[in-house]
Every structure is written in C-alpha cells, then in structure tokens.
Amino acid sequence: MLEEQFIFHLDENDADPLYRQIYLQLRRMILEGHLPPGTKLPPSRKLAALNGIGRITVTQAYKQLETEGFVNSRPGAGTFVAEKLSPNPAPLAEYVFNPDLSSWGRRLQRAPNTPRREKQRLDIDFGFGRSFPHIFPYDVWRRLLARYLSTDDVMLSRYGSPLGFYPLREALATYLAHQRGVTCTPEQVVIVSGAQQALDILARLLFNAGDKIVVETPGYNHAYRLFQAHGAQLHPLAVDEHGLPVNDLPQEDGFRAAFVTPSHQFPRGGSLQLDRRLKLLAWARQQGALILEDDYDSELRYDGRPLSALQGLDESGHVVYLGTFSKVLFPALRLGYVVLPESLLDPFSRTLALVDRGAPTLTQAAVADFISEGYFERHLRRLRLAYGERREAFVAAMDTELAGEVSFSRVPAGLHIMLHLHPDCKEAEVVQKAAAVGVGIYPGAPYYLHRPAPPSILLGFSGLNKEQIQEGVSRLAAVIPRCKF
Ligand SMILES: Cc1ncc(COP(=O)(O)O)c(C=O)c1O
C-alpha cells in the first residue's frame, strides 16, 4: 500500500468538515477502483498521523463509509474495502449518461426554442407579460399570509384537496358569476398552478397524437408548444381585429378543440363579438369539440365592464374556462383556475391528484381572503385606473409620433399593444435599432404560426410612467422606417 495515496488534500476553511473531506476522497478512490475490494485501509491512528489531524476525525470518516457500505471493519483486524462492490463502469468524472427521451420529450426537443435574449441595459423597456409591483398592496398581502402562518390551525400540516382550497373556489365562483358572467358552482372551479398547468392537464386528458386543434394566429405560443408536445396538429386561423374568423372554421370532421382568447385576443387585441361567439359554439357542437377559453387578462379593460365570458353562453358543456392571477396579481404566485364542465371534473381531479396534489394552500388561503374581503376588487379598480392612463398616454404618443405608419388595436384593454409594421419593414432590424437608442421592444414573429410572419412588435406600457412612454415612443419613431400604410 502506497502511503502517499493516503495523504489527502484537506482544507480547514472548506464548508465541509475535515472528516467529510476524508470520507469523500476515500469514497471516490473506492468507486474509481483505486482501492479494490478487500483492500485494507490504514489504521486510523496512522492515517491521522499522515495527514496531521486528530484520530477521531479519521474514525468519523471510516464510520460514515461503513454506514454506507463502502467498507467493513473487522474487530482486531482493521478496516477493509467491501468485497462485493461491482466496479463502476467508467471513472465518475468522465462518464455522463444521456438518457433517451420519451416521444413526448423528443417532440418537445424538436420544437423551436425561443432564444433567451441577452440582457441589455435599456433606458426604456416596453417589456410585457409581467406584472409591475408598484400598485400591488404588499402590506395587505403580508397581513393575509401572516394570518395563516401564525395560527395553530392544522391546515398547513396536511395535504390540501387537489382541486383547491374550497373557500377560494367559492370566492372565485361568486366573482366569476358577477364579473365575468361565468355559470358555475364552486365544485366546477378548480385551482391550478397557473393556467399553463390547466392547459397541460387538458391536453393529457383530451389529445392523442395526431388530433387536430384550431388555434389563433398570432396567438399564445406557450399553448402552441404544449399542444404540439402532446402530438396535436395545430390548425391556425389568422385573427382579424375581432378575433377568430369563425367563418373560416374547418367543416371537415376530426377537430378535438379550439383554443381561443375571446375577451381580449392575445397578442393582437380585439374581442370576439356575440355573433362569432354563437357560431363558434355551434361549430363545437357540430364537431363534438371543446372550446378552451383563455380569459387571461379580461379584468384589464379600461372602457367599462369587460365582455362576459363565452362560457356563460354554453349550455351543453363544450367550454372550459381558464383564468389566471398572473396579470392582475403577479406571475410568481403561480395560481390560476379552470372552470370545468361536469364531464371533465372527475378525470381532471384524478390527474391533479397524481401530478402535483394541488396548488400551495398557504397562497390559496391568502388569495381567498384577498377576494372575499374586497381587496381584489379595490386592487382591480386601481390597476384599471393606472394602466388605463398609461395606455392612453401610449396611444396619444403613437398617434402624434407615428400617425399612419403603424396600426394597432384601438380596444382599450390589456398590458401591451401589438404594432403592425408596414409589410416592407424588417421586424428584427427595428428591434435592434430600438435597442441601439436604449428602447426595449419585442418581436411579434414568435406568436405567429404562419411564415413569413407579417412584421409586428409588442410593447408593454404598464411598467412605464407617462414621461417614459412619451420619450420611448419618440425614440422609436426615429428608428421605424417611414412607410405609410
Ligand atoms: C395569453 C395567455 N394565456 C395564458 C397564460 C398563462 O398564465 P399562467 O400560467 O401564468 O397562469 C399567459 C401568461 O402569460 C398568457 O399570456
């Protein structure tokens, strides 16, 4: 036995105590075959002396190796590397296993991945799809959370119902009936970790590889990717200023669903009028298809009450309604909800029970109180006021600086605006030039399924004050090529 191999590199300042450093180095030597089965380790006193450390430290390391089965100690004889260890197939450091992916995983890998943009320092960032914390009542939120943290209630020590915290389901059923015209019982309202989770569960339950689904284009790209990962075939319909062109709905058989944003088309804007809604419902009945109604930001309408949900017009269980707190509270909350027709309650509930056993109870309880004690309504009123003013400032700046050179939806709603550029404009060039003058704007192409996508850009206005909006739009006007529609 070479003594040198037992002189270890030890560091008093390491986060791992000395005994663990010895344990780890011996463990590696055993696993890599440098200490074959049956090898006698140096007596603890000797190893301690070789390394200038206390004997007890070595004894501790040997004890840990023995507990885990790497060595056996024989009283009176010493400590030996365990006999029946199979050799590791390759040295730990060089061997990296690449597991085969399932067909689901492979489909996901094939989908185009929107590259993460490099973080740039921008003076004015028209970012969208996030909430902005300046309006959220953190003091109230902290108080509501603390209510459940300071109680000796057993609520947090148990699994909650996978379908959600019942008082939240009740509060939402009342809210949705009054504010969104949704017809449902609290039992039909199921809490999810974001609307995206509801889409995933619905896709698992409803779509087989090859199934056809109508989607909007431009549309919500995370839904596209998800449905495609489940093997669904997307049938995109190009939306106009009123949303889905229902006269273009496919008449041949075999469509399983339509995924739509009727209250506020994402990302183009505009809402589906009553005649289109009724035609869409008739199509779903004739096809035996479901309508997945994504009502992601309908609370944010600045010219009065939002249009009622499509779900309220459905009397035969063809509509699944999806809502989220991501836009009106904050996305990191990861809470959304789904209103299910009776037929899907049991399968949805079984799936939730398997995949994550329900959303976190603590945040659900705080949101339930936030709604039932009136804070949610008050918060929504403040959001509408603040964001409505910002949107107005944005539209006024656009009309002054870029009149006739871009077009966009005039429906006062949401947190962003999609600008349609003249067809001769190059979207990527405009985004780049805007960044060069310190303005962050976002390409519209990822939201289109048709190629080439008509040039467009997305601008969120909710995170900027009026001065920033004015300044950002005038800088933008200088980089958007002058071409009239
Ligand atoms: C159009 C649309 N639908 C659904 C969602 C999903 O929301 P979440 O999973 O955050 O609840 C988003 C989120 O940005 C969205 O923009």
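Atoms within each ligand, like the ligands themselves, are counted from 1 in listed order. For the numbers below, each heavy atom of this structure counts, side chains included, while hydrogens, waters and symmetry mates do not.
Among residue pairs with one or both ends in residues 458-474, those qualifying as side chain to side chain donor-acceptor pair (under 3.5 Å) are Glu401-Gln470, Glu471-Arg475; sequence neighbours excluded.
Listed by chain and number, the residues in a side chain to side chain donor-acceptor pair (under 3.5 Å) with Gln265 are Glu216 (sequence neighbours excluded). Under the side chain to side chain donor-acceptor pair (under 3.5 Å) criterion, Arg204 pairs with Asp200, sequence neighbours left out.
For ligand 1, the protein residues placed under 4.0 Å by at least one non-hydrogen atom are Gly194, Ala195, Gln196, Tyr220, Phe266, Asp294, Tyr296, Thr324, Ser326, Lys327, Arg334.
The cationic atom of Arg390 (NZ for Lys, CZ for Arg) does not lie both less than 6.0 Å from the six-membered ring centre of Phe461 and within 45° of the ring axis.
A salt bridge links Asp303 to Arg301: at least one charged side-chain nitrogen sits closer than 4.0 Å to a carboxylate oxygen.
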* Could you go through the side chain to side chain contact (heavy atoms under 4.5 Å, CB included) check for Val260 and Leu272 one step at a time? => CA-CA 10 Å; Val260 285; Leu272 205 63; 5.6 Å; no

